Participant: 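Let me begin by handing over the structure; questions about it come next.
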Amino acid sequence: MRKLTRLDWYFLGGITLAAFLLRFINLAHPKEIVFDETYFANFAHNYLTNTKFFDAEPPLAKFIIAGGEKIWGFNSFGWRVLPALFGTLLIPLIYVLTKKLFGSYLVPMLAALLALFDGLLLVESRTAVIDIFVVFFNLATYLAFFMSLQATTRKRSFWWLAATGVFFGLGLATKWIALACIVPILVVLGLLVLADRSWLKKALALKSGDQLYRAFGAKRSNIQAWLAYGIFLAVIPAALYFYIFSKHVPFDSTGESIWGIHKQIFNYHHNLQATHPYGSVWYTWPFMVRPVAYYFNASGGWSAIVAMGNPLIWWSGVVAAGYAVWRGSKEVLAVAASLGVLAVITSGDLKRWIAFSVLLAIAVGVWQLARKGQYVVAFVLLAILAHFGPWSLISRVLFIYHYLAALPFVIILLAWALSQVWKWKPKDASPLVFSWVILAGSAALLAGLVSRTIFGALPMIPGFLIGAAPILAGIVYFIFADVRKLTWAQKQVIVFIVLCGLAFFFFLPILTAMPLDTADYYRRMWFRSSWI
């Protein structure tokens with residue numbers, strides 16, 4: 001059932017409130033400029049002071065930030081308030097999109113909770129940088145598209161399609177990377193339009209084209225004429241993009257026309273040779289090898305803002321992607337590995353070719369999942385590929401926050417994988433027993449580290465046990481208690497979400513510049529050779 005129910009609205013209210021509090025409490029701290037706020041907060045202020053400048057990105061995000069500065073002033077709260085608002089709304093947006101995709105309660109709830117507990121989404125929401133806006137518009141584009149497919153009337157479908165074009169145009173006017181949205185949308189649209197063709201039914205092993213429509217909750221009557229799709233997915237986004245960009249032209253310092261400015265922007269990115277100590281290679285992002293230190297202050301304790309994800313969520317997301325590909329075809333991973341070995345033999349570039357082999361495995365996995373009727377999972381995997389894969393072609397310096405556009409779909413895929421665990425009923429209990437040991441030990445460790453930070457005045461062992469002992473005792477009780485007839489697998493999913501929450505609060509001080517003593521700071525630098 002894809003329609004929002006009362007339970008959905010209750011959950012949305014609670015998760016939105018939690019997201020709001022996490023993003024707005026002490027938002028103005030630190031009061032000084034943080035990382036790329038030196039560009040974007042000042043660029044936004046230039047619009048208010050009629051100051052000319054060159055910007056290597058489209059202007060919409062800075063227009064939005066300028067709105068906050070105009071109302072609340074040119075200060076840390078003023079330039080962060082609207083990124084925080086968009087970051088808050090991103091969490092319920094992930095819930096609703098996942099609901100429209102999977103039509104259940106479990107997967108959207110898991111996805112929203114995982115998104116709530118992610119560090120990079122929080123950091124990008126609490127600083128005046130622009131990627132949180134493009135991610136919001138990307139997800140809004142996808143949601144409007146699926147709303148157009150699932151609308152109860154053709155008229156509503158028409159207006160939702162118009163909204164798809166508007167959000168797509170807004171995304172493009174924020175960052176060009178929004179262009180990746182069009183790939184998954186056109187693939188789904190093409191499959192639905194061609195669903196009754198005999199060659200497609202044979203290729204996807206379809207008994208009927210209705211299988212595709214049911215999978216996406218789409219209605220045949222909502223498929224519009226190709227002219228409508230051309231207008232709403234190309235003409236309107238382009239017109240909106242150039243209209244918004246035209247408002248920036250008077251502020252541009254190059255003196256070029258709108259076309260000349262675009263040439264300057266393209267040349268800037270294409271010719272950029274600068275390096276950066278926090279730069280990282282695209283294929284390292286899912287493993288969180290090189291986070292970015294946005295802010296550091298050693299006066300009155302060590303305060304830092306580190307652009308990093310939740311390790312448990314990110315690393316589990318890699319496992320979930322591997323599981324999805326494996327579900328599509330067990331042979332895919334072997335083929336990809338063989339291609340990787342062949343490429344290494346011919347080129348010698350081990351890391352790069354293994355990474356390309358993984359992208360190929362994901363692409364083949366999308367096709368194989370579709371052949372097995374897992375159309376929605378295939379779409380999510382395709383969205384990851386569309387928003388992550390193109391970075392492999394970019395030679396300029398890149399950062400871990402460029403992974404942000406793919407991250408919501410990694411989270412959604414992880415939520416789906418957890419829903420499969422929820423339904424798991426193994427004949428042998430030994431895997432579940434092993435999992436309990438890992439989960440309980442990890443939860444006790446993280447809870448102890450959190451309490452050690454809170455009760456820093458106590459000796460180390462008592463401070464650790466204040467958190468570790470209750471959590472461990474609670475999990476042991478939860479394992480054997482008869483709670484709503486939950487299976488062990490279902491209980492483990494719940495404990496995993498709790499574990500992600502503990503990890504989030506453990507890292508929260510270095511996501512929000514809370515002062516720590518030196519030892520507490522280093523406890524959060526798990527890989528000191530690359531995290532510091």
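Remember, it's a predicted structure, so these values are computed and weren't measured experimentally. We're numbering straight along the sequence, starting at 1.
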Participant: Compare all side-chain heavy atoms of D520 with those of W302 and state whether any distance is below 4.5 angstrom.
Facilitator: no

Participant: For I461, does the CD1 atom sit with more than 12 other heavy atoms under 6.0 Å from it, leaving out its own atoms?
Facilitator: no

Participant: Donor-acceptor pair, distance only, cut-off 3.5 Å: does the side chain of R23 make one with the backbone of L85?
Facilitator: no

Participant: Measure from the ring center of F11 to the ring center of Y95 and say whether it is less than 6.0 Å.
Facilitator: yes

Participant: Can you measure from CG (D8) to OH (Y105) and round to the nearest 0.5 angstrom?
Facilitator: 5.0 Å

Participant: I want to know whether F35 and Y295 have ring centres closer than 6.0 Å.
Facilitator: no

Participant: So, do L7 and M109 sit near enough that their side-chain heavy atoms are less than 4.5 Å apart?
Facilitator: yes

Participant: Any heavy-atom pair between the side chains of F216 and F379 that's under 4.5 Å?
Facilitator: yes

Participant: Side chains of T153 and N222: does their closest heavy-atom pair fall under 4.5 Å?
Facilitator: no

Participant: To the closest 0.5 Å, what do you measure between CG (L12) and CD1 (I91)?
Facilitator: 11.5 Å

Participant: Is the distance between the ring centroids of F409 and W416 under 6.0 Å?
Facilitator: no

Participant: Answer whether the closest heavy-atom distance between the side chains of F388 and V410 falls below 4.5 Å.
Facilitator: no

Participant: Ring centres under 6.0 Å, that's the criterion: do Y283 and W391 meet it?
Facilitator: no

